[in-house]
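Reviewing the structure listed below.
Counting from 1, the numbers follow the sequence of the chain as shown. First listed ligand is number 1; within each ligand, the first listed atom is number 1.
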Amino acid sequence: MRRKQTEREMLMRRWIGAAGLVAALCVGAGKGTAVAANLVDPPVFSSQNGVLDIMMVAMPQPIPGISFTPPNSSEIIHPTAWVYQICPRPASGLSCPAGSLTVSPYGGVRLALQQGNTLKIRYVNQLPKLDPNKLRHETDPGEANLYLNPSNLHTHGLITPARAATLSDPTFGDFVYVSIFNSANGIPVPQSTHQHGPIVMDTVDYKIVIPANHPSGLFWFHPHVHGIALNQVVQGLSGMITIGSVGDNLHGDAVNSPWPETNVRHLMLKEIQVLAGGTVNFDSGPQPVAAGEVLNQEDTSFCTQFPATGEVRQGSCPGQDNSGSGGSNFTGGNWYMTVNGQQFPSIPVAEADGEIWRLATGAGSFSWDLQLVDDLTQNPMTVQLIAIDGVAVHLPQDTSTGAMVDMAGGRFKVVACPDAPVIGATVPVCVNEIVMMPSSRTELWVTYRNAEGRITPPPAGASATLKMVGLTMGTGDAWPAVDLAKVRFNQSGARQYTSNQIVVGGSTDAAGVYQQGGIFSAQVPGASAAAQPAQPAGCTPLPPGHRRRIFFGFSDVTINNTFALGYEEIDQNGNVVPGTQKPAPDQLERFDPSHTTVCLPLGPGQTPVRETWELVQLSTENHNFHLHQTRFRKTGSNGGVVQDNFLLGVAVPDASISDQVLNNQNGVCIISQWRSGHCASTPTVLDIPFAELGEFVYHCHILEHEDGGMMARIQVVPSLH
Ligand SMILES: [Cu+2]
């Protein structure tokens with residue numbers, strides 16, 4: 001049974017834990033075999049006296065937790081990931097000193113912040129130069145420098161300004177348009193079109209102030225340079241951020257006990273394709289690859305989607321030969337799926353009251369469909385859903401099961417919560433299957449439950465397998481099934497927390513952020529009319545009753561990989577406002593960083609603005625919608641499910657245009673076909689508050705699609721009044 005720790009003890013132990021992780025992984029790697037080690041939480045960097053001041057060096061490093069043996073070889077290869085090496089910021093220089101305060105785990109770290117803190121990061125790019133023939137977007141407009149491997153940082157889900165550096169303040173806020181180049185790779189050539197924004201050599205200082213009224217929750221960070229975000233995230237660059245603590249959004253019995261704060265796990269799911277050698281097909285044609293090389297421009301058909309009869313996949317699936325259908329031969333390679341950088345770890349659940357699991361994904365394009373399958377019955381176990389995308393799932397008691405699923409965009413399968421009466425006018429949400437598209441976060445109460453979902457002491461030897469059960473994205477990618485971890489329920493002793501549901505909700509929950517003083521209600525800090533002497537042309541408030549409509553599809557339906565977005569404004573009667581269509585009527589466009597699609601001022605007195613957006617799917621492949629610097633909810637779900645990525649359904653073209661769809665791998669309609677009823681697709685309608693200034697983006701978070709152009713620029717400016 002795990003010893004309970006006070007918060008103070010946990011703070012003191014965090015650095016020790018960081019050093020311990022590195023040591024544990026090295027022991028396993030030294031034996032040259034996969035070790036079923038217990039899952040270790042990511043190393044934690046906590047703010048001190050209101051500030052977290054660190055250096056993050058993006059750099060290559062072998063993955064100790066993955067031991068790959070190529071075919072016909074006894075050699076053990078630890079594939080090279082790109083990791084963030086992190087340390088407290090040194091007094092000078094651009095490298096972290098050797099020692100226990102410096103960590104660089106492939107599995108990622110957690111930056112633990114509190115409301116009102118300042119996150120200061122000296123970000124250093126030491127990533128290697130790339131082979132242009134192994135990149136997808138080298139010939140796209142403005143992407144000629146991508147082989148130099150520029151990077152930057154986005155703090156996903158944080159509600160903070162998207163601030164560029166100025167002469168008076170050389171630090172950046174959460175600003176994705178800056179590109180940081182490693183000078184060792186050569187000097188980038190400025191582009192005449194599609195220039196991303198500032199080019200900076202080697203290092204940038206970020207200063208991200210967490211508002212005092214920022215919601216508590218689980219967030220994450222990753223690079224966001226358009227055209228190469230997929231490659232960098234897939235090769236390992238991501239980590240977690242937490243604001244506040246789990247208990248901030250729990251109440252009832254839960255806060256009167258040291259549990260659950262002391263029984264929290266953080267699980268970062270990552271996946272990486274490792275090649276056996278030979279040749280692999282890239283957009284440029286077949287290219288030689290080395291044994292152990294990482295394929296960061298992922299091929300979704302690397303493995304068969306489901307294992308053959310009797311095949312066991314523990315943390316990886318074997319590469320298959322696709323050469324018969326014109327693809328690559330991945331035989332001998334492995335696609336690894338890890339938790340905190342560990343391949344198929346054990347997770348002992350020993351606390352009588354169970355544990356809170358906070359899951360994040362460091363995925364580029366990969367979507368997980370997760371179940372915790374009881375090894376004895378082979379049935380998915382019931383867990384209580386605590387939060388999604390860092391927001392407590394606090395639903396009114398009259399919320400129907402169907403409404404829950406609808407509000408959440410089909411992100412989980414709801415089942416009964418036995419013996420869990422309504423407490424405090426909220427209903428618990430129990431689930432036994434969870435879909436996590438790229439950028440999703442999910443928080444769960446995991447404790448042993450029997451086949452009926454009832455909490456009960458586990459029988460001796462009870463265990464379950466955390467499984468990715470396989471997921472197909474409409475007519476798009478088919479992601480493979482792989483077992484991720486073994487969970488052992490060794491729970492004993494008396495329960496201290498005796499309720500059968502955790503009551504979620506708190507001052508910063510879905511409803512709290514809109515109340516007086518909440519981040520979507522209070523005046524926006526730092527905004528003033530004086531700071532904005534003139535509005536950008538056309539930057540006016542959306543008239544009352546009007547909506548913005550975003551189309552998800554292709555800029556050219558005859559060509560694959562031209563992912564794009566369309567835009568129009570519609571009036572209170574649902575009619576298109578003439579002249580608002582971008583780039584033009586019936587057209588979609590690929591991301592152009594020099595082109596602002598949406599601009600809006602804050603409300604009178606520099607207050608947050610709420611808008612209604614409609615998302616229209618034109619593809620028969622799923623996408624998910626993400627908008628920086630805020631979060632959103634489906635209209636009609638007041639106080640309900642709030643999130644920062646939303647799974648879009650798929651378009652259903654009718655027979656008159658099905659040939660066109662069949663001829664296209666991903667399937668897509670054009671806007672006029674949707675208008676004329678030949679492409680059935682119900683808009684997703686979102687209520688979106690804007691409470692931060694700056695220039696940022698909205699996009700599909702499947703990074704293959706984002707890099708391909710399914711992204712657009714948005715700007716929020718101060719009000720003139
Ligand atoms: Cu997409």
Side-chain angles (χ1 to χ4, degrees), residues 136-137 140 154 156 176 222 224-234 238 271 297-301 361-369 389 409-411 435-440 471-479 549-557 559-567 588-592 597 613-628 632 643-653 661 664-671 674 679 681-684 686 696-714:
R136 175 164 286 167
H137 301 287
D140 288 0
H154 170 51
H156 182 119
V176 297
H222 63 90
H224 210 296
V225 173
H226 175 64
I228 202 165
L230 171 68
N231 310 64
Q232 292 187 0
V233 171
V234 159
S238 62
E271 44 84 31
Q297 190 73 51
E298 284 190 309
D299 190 322
T300 58
S301 59
T361 90
S365 298
F366 193 96
S367 291
W368 274 267
D369 187 344
D389 292 351
R411 289 174 61 173
V435 170
M436 292 181 72
M437 286 192 74
S439 83
S440 299
L471 185 65
T472 301
M473 312 305 293
T475 58
D477 300 324
W479 301 110
R549 181 183 280 155
I550 314 295
F551 293 99
F552 287 69
F554 280 1
S555 63
D556 181 343
V557 295
I559 303 174
N560 275 328
N561 301 323
T562 54
F563 297 99
L565 296 173
Y567 173 85
L588 284 70
E589 66 179 336
R590 305 172 79 175
F591 178 63
D592 179 347
T597 301
W613 288 31
E614 274 190 13
L615 313 179
V616 177
Q617 244 294 29
L618 298 176
S619 314
T620 54
E621 164 179 30
N622 294 106
H623 300 293
N624 67 337
F625 172 75
H626 173 54
L627 170 63
H628 289 206
F632 43 77
Q643 47 206 311
D644 62 32
N645 79 92
F646 196 90
L647 195 166
L648 300 180
V650 296
V652 183
V661 172
N664 188 288
Q665 172 191 320
N666 293 304
V668 68
C669 310
I670 58 176
I671 295 172
W674 176 75
C679 182
S681 181
T682 306
T684 296
L686 300 179
F696 47 105
V697 282
Y698 57 88
H699 60 90
C700 174
H701 218 296
I702 296 173
L703 294 185
E704 180 198 5
H705 303 179
E706 178 206 308
D707 282 342
M710 195 169 261
M711 181 156 76
R713 184 171 183 129
I714 176 171

task: Would you please indicate if the ring centroids of Phe563 and His705 are separated by under 6.0 Å?
output: yes
task: Any salt bridge (Lys or Arg N to Asp or Glu O under 4.0 Å) involving residues 643-652? Give me the pairs, sequence neighbours left out, ordered by first then second residue.
output: Arg441-Asp644
Atoms named by residue and atom, protein N, O or S, within reach of the Cu ion (ligand 1) (under 2.8 Å): His623 ND1, Cys700 SG, His705 ND1
field: SB check Arg411 Asp389 (cutoff 4.0 Å)
entry: yes
task: Please find out if less than 6.0 Å separates the ring center of Phe632 from that of Trp613.
output: no
query: Does the distance from a Lys or Arg side-chain N to an Asp or Glu carboxylate O, for Asp592 and Arg713, drop under 4.0 Å?
result: no
- prompt: Is a side-chain N or O of Ser439 found less than 3.5 angstrom from the main chain of His701, in a donor-acceptor match?
  reply: no
